[in-house]
Student: 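Dumping the structure here so I can ask a few things about it.
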Amino acid sequence: MTRFRKTPGRVVFVGAGPGDPGMLTARATAALAEATALLVDPDVPAALLDAVRESSPGVEPTVVSGEPADVAKGAVAAAKNGDVVVRLVAGDPFTSDAVVKEALAVGRTSVPFDVVPGVAASTAVPAFAGVALGGTSLTADLRDGGVDLPALARAAGALGAPVVLQGGAEQLPDAAARLVEGGLSGSTPVVVTTGGSGTGQKSVVAKLSAVAEKTAGLDALSGPVVATVGSVVDKRGKLSWWESRPLFGWRVLVPRTKDQAGEMSDRLRAYGAVPVEVPTIAVEPPRSPAQMDRAIKGLVTGRYGWIVFTSANAVRAVREKFTELGLDARAFAGVKVACVGEQTAEAVRAFGIVPELVPSGQQSSEGLLADFPEYDDVLDPIDRVLLPRADIATETLTAGLKERGWEVDDVTAYRTVRAAPPAAAVREAIKGGGFDAVCFTSSSTVRNLVGIAGKPHAKTVVAVIGPATAATAQEFGLRVDVQPETAAVVPLVDALAAHAEAQREGE
């Protein structure tokens with residue numbers, strides 16, 4: 001008889017990089033997806049942990065600290081129980097003395113371990129701060145203790161190389177004084193960066209002597225910092241690429257349904273903004289499915305000549321009904337598809353369908369009606385249009401289609417329900433000017449945000465996706481500052497960035 005022994009797990013030391021989730025390597029992402037237990041450093045940024053939770057929804061990160069032997073003991077115990085233990089480390093695993101000790105402790109057991117190198121904070125953060133280190137640099141982690149900084153200063157002077165220090169802001173004055181003691185000039189430029197690679201990154205430039213004398217203004221910095229010391233800092237004004245982005249540091253309110261906020265937030269982060277997502281509406285199925293059931297069956301049996309989509313939510317509702325009824329995109333055979341705007345058209349294309357009609361001008365119901373053909377009993381064998389829409393949609397499109405000779409089946413595809421109010425701090429920030437901008441993507445987001453949180457402050461830049469949304473914002477007394485030519489999320493964020501750039505140039 002063959003006996004099967006329980007397969008042991010393993011420990012994987014994974015470098016998390018400097019903090020930006022986009023800086024995780026492909027191999028690190030694959031290791032996280034495989035993890036059944038996750039042990040993380042206390043200084044792994046919250047934004048990165050949020051991204052990890054999304055990629056590994058069944059595994060809650062456990063923050064670990066203490067002696068390396070104790071951390072390793074816990075990892076080994078979990079691995080022997082069959083877990084794939086990912087030990088997520090800020091930066092690169094083997095640049096931390098403590099993590100190296102953990103790996104040595106695991107290596108003394110029967111549990112196998114892997115190492116996934118990460119982008120080291122000592123090189124990545126200076127790059128995000130606009131500092132080119134060149135081919136040679138000297139690094140030290142002040143948190144490890146026992147660093148001979150005067151000797152490091154002498155080596156840096158002999159090599160003409162910059163020095164990169166990691167640690168807490170409170171450790172820098174003493175470290176700066178010891179570098180001066182080792183021979184570096186007090187006039188040597190220093191840039192101290194916290195939150196490196198994230199949208200909350202902050203950098204302070206000073207002289208080494210000012211850091212030593214605690215007059216460099218580092219009190220505003222919190223958490224782990226990276227300090228780059230050397231003449232390379234002087235070129236930062238020309239090489240700063242991250243902190244000079246149009247929306248860098250802007251807090252932008254994203255009032256959308258939770259599942260729709262991703263694309264906008266990602267685009268805002270690419271411009272350096274800090275998106276704050278506040279769900280204002282929830283999308284739910286209609287109270288009775290019978291009407292949608294009949295409409296979809298009519299689509300299959302040839303009842304309609306056209307189907308008109310007015311939102312990505314409507315497309316999603318039809319797709320879900322197709323899945324429920326065992327149908328796919330072939331059911332659209334012989335039916336022409338119209339979309340109110342490019343954003344909706346993208347959702348239709350993702351369904352495997354190319355729409356016949358998207359407005360050539362204004363992307364709105366009015367723009368669609370301007371291009372929609374009149375019914376012709378010779379050219380159009382079927383005179384009926386299916387219009388799946390929200391329960392609170394206006395009648396403009398239905399009336400316009402009927403004026404053009406079409407019969408319209410106006411069907412409630414989904415309901416929009418007002419979300420619960422956000423936290424008190426968010427409400428106060430909205431009304432008190434705590435947001436630099438707000439991006440509205442529909443009239444309902446305007447109405448619901450005002451309803452659950454109040455009107456944005458007068459100094460907040462108001463960006464709207466299209467004319468209908470602009471009209472609703474103005475009805476509520478809001479000044480519309482930004483409106484893209486194309487009614488879609490990416491052009492909306494791009495237009496906001498262009499507005500911010502113009503503001504900066506005008507200052």
Side-chain angles (χ1 to χ4, degrees), residues 199 241-257 260-281 310-313 339-347 349 358-368 370-371 429-430 433-450 455-507:
T199 52
W241 59 276
W242 179 230
E243 292 180 28
S244 62
R245 295 202 170 189
L247 297 175
F248 188 83
W250 278 41
R251 292 189 76 216
V252 180
L253 184 62
V254 181
R256 308 199 69 192
T257 56
Q260 291 179 319
E263 183 183 15
M264 177 175 286
S265 293
D266 289 344
R267 190 73 174 182
L268 286 166
R269 289 189 191 97
Y271 278 113
V274 182
V276 178
E277 298 170 1
V278 176
T280 58
I281 58 174
T310 58
S311 69
N313 283 328
C339 298
V340 76
E342 189 56 39
Q343 187 79 9
T344 305
E346 283 301 314
R349 294 185 188 106
V358 180
S360 57
Q362 187 181 95
Q363 299 204 337
S364 63
S365 295
E366 291 79 4
L368 181 61
D371 290 349
I430 291 171
F435 288 98
D436 298 284
V438 57
C439 293
F440 289 116
T441 54
S442 67
S443 293
S444 60
T445 57
V446 178
R447 286 190 293 266
N448 288 331
L449 180 72
V450 174
K455 288 169 56 175
H457 192 275
K459 77 174 187 179
T460 301
V461 174
V462 176
V464 299
I465 201 166
T469 307
T472 303
Q474 289 164 347
E475 287 175 12
F476 280 91
L478 300 178
R479 179 197 67 252
V480 175
D481 302 293
V482 177
Q483 182 181 322
E485 292 183 3
T486 302
V489 165
V490 169
L492 172 61
V493 177
D494 291 348
L496 177 62
H499 177 82
E501 191 72 48
Q503 275 190 330
R504 182 179 301 173
E505 292 174 356
E507 291 177 351

Student: May I ask you to decide if V462's main-chain N or O and R479's side chain share a donor-acceptor pair within less than 3.5 Å?
Tutor: no
Student: In Å and rounded to the nearest 0.5 Å, what is the CD1 to CG distance from I281 to L449?
Tutor: 11.5 Å
Student: Check R251 against G434 and note the closest heavy-atom contact, atom names and distance.
Tutor: NH1-O, 3.1 Å
Student: Could you report the tightest heavy-atom contact between A470 and V464, atom names first, then the distance?
Tutor: CB-CG2, 3.7 Å
Student: Please assess C439 against V252 for the test side chain to side chain contact (heavy atoms under 4.5 Å, CB included), listing each intermediate value before the final yes or no.
Tutor: CA-CA 7 Å; C439 293; V252 180; 3.9 Å; yes
Student: Could R245 and Y271 be counted as a cation-pi pair, given that NZ or CZ must be under 6.0 Å from the ring centre and within 45° of the axis?
Tutor: no
Student: Say whether, by atom type as modelled, one donor and one acceptor occur between the side chain of Q363 and the main chain of E342 under 3.5 angstrom.
Tutor: yes
Student: Over all heavy atoms of both residues, which pair between S244 and R504 is shortest? Give the atoms and the distance, please.
Tutor: O-NH1, 3.0 Å
Student: If every non-hydrogen atom of P275 is compared with every non-hydrogen atom of V254, which pair is closest and at what distance?
Tutor: CB-CG2, 4.0 Å
Student: Could you walk me through whether S311 and V340 pass the side chain to side chain contact (heavy atoms under 4.5 Å, CB included) check?
Tutor: CA-CA 7 Å; S311 69; V340 76; over 6 Å; no
Student: Any idea which heavy atoms bring S360 and D371 closest together, and the distance?
Tutor: N-OD2, 2.7 Å
Student: Which heavy atom in A345 sits nearest to a heavy atom in V358, and how many Å separate them?
Tutor: CB-CG2, 3.9 Å
Student: Whether the side chain of Q343 engages the backbone of V489 through a donor-acceptor N/O pair (distance < 3.5 Å, no angle test) should be reported.
Tutor: yes
Student: Before you tell me yes or no, could you show the steps for L478 and F440 under side chain to side chain contact (heavy atoms under 4.5 Å, CB included), namely the whole-Å CA-CA distance, both residues' side-chain angles and the distance that decides it to 0.1 Å?
Tutor: CA-CA 11 Å; L478 300 178; F440 289 116; 3.9 Å; yes
Student: Taking side chain to side chain contact (heavy atoms under 4.5 Å, CB included) as the test, write out the residues that go with D266, two or more places apart.
Tutor: R269
Student: So do H457 and F435 actually touch side chain to side chain, heavy atoms under 4.5 Å?
Tutor: no
Student: Hey, is the main chain of A468 close enough, under 3.5 Å, to the side chain of S443 for a donor-acceptor pair?
Tutor: yes
Student: Within this structure, what is the NZ-CD1 distance for the pair K455 and I430, rounded to the nearest 0.5 Å?
Tutor: 13.5 Å
Student: When rounded to the nearest 0.5 angstrom, what is the spacing between CG in L247 and CG in D436?
Tutor: 9.0 Å
Student: Please assess V461 against V482 for the test side chain to side chain contact (heavy atoms under 4.5 Å, CB included), listing each intermediate value before the final yes or no.
Tutor: CA-CA 8 Å; V461 174; V482 177; 4.1 Å; yes
Student: For residues 491-503, which residue pairs pass the salt bridge (charged side-chain N to carboxylate O under 4.0 Å, His left out) check, not counting sequence neighbours?
Tutor: R267-D494
Student: Mind checking the CG-CD spacing from L496 to Q483? Nearest 0.5 Å is all I need.
Tutor: 13.5 Å
Student: The criterion is ring pair (Phe, Tyr, Trp, His ring centres under 6.0 Å); which residues satisfy it with F248, sequence neighbours excluded?
Tutor: W242
Student: Once rounded to the nearest 0.5 Å, what's the spacing between atom SG of C339 and atom CD of E346?
Tutor: 9.5 Å
Student: Nearest 0.5 angstrom please: L268 CG to E263 CD, how far?
Tutor: 10.5 Å
Student: Applying the side-chain contact (heavy atoms from CB on, under 4.5 Å) criterion to I465, which one of T441, T445, T486 satisfies it?
Tutor: T441
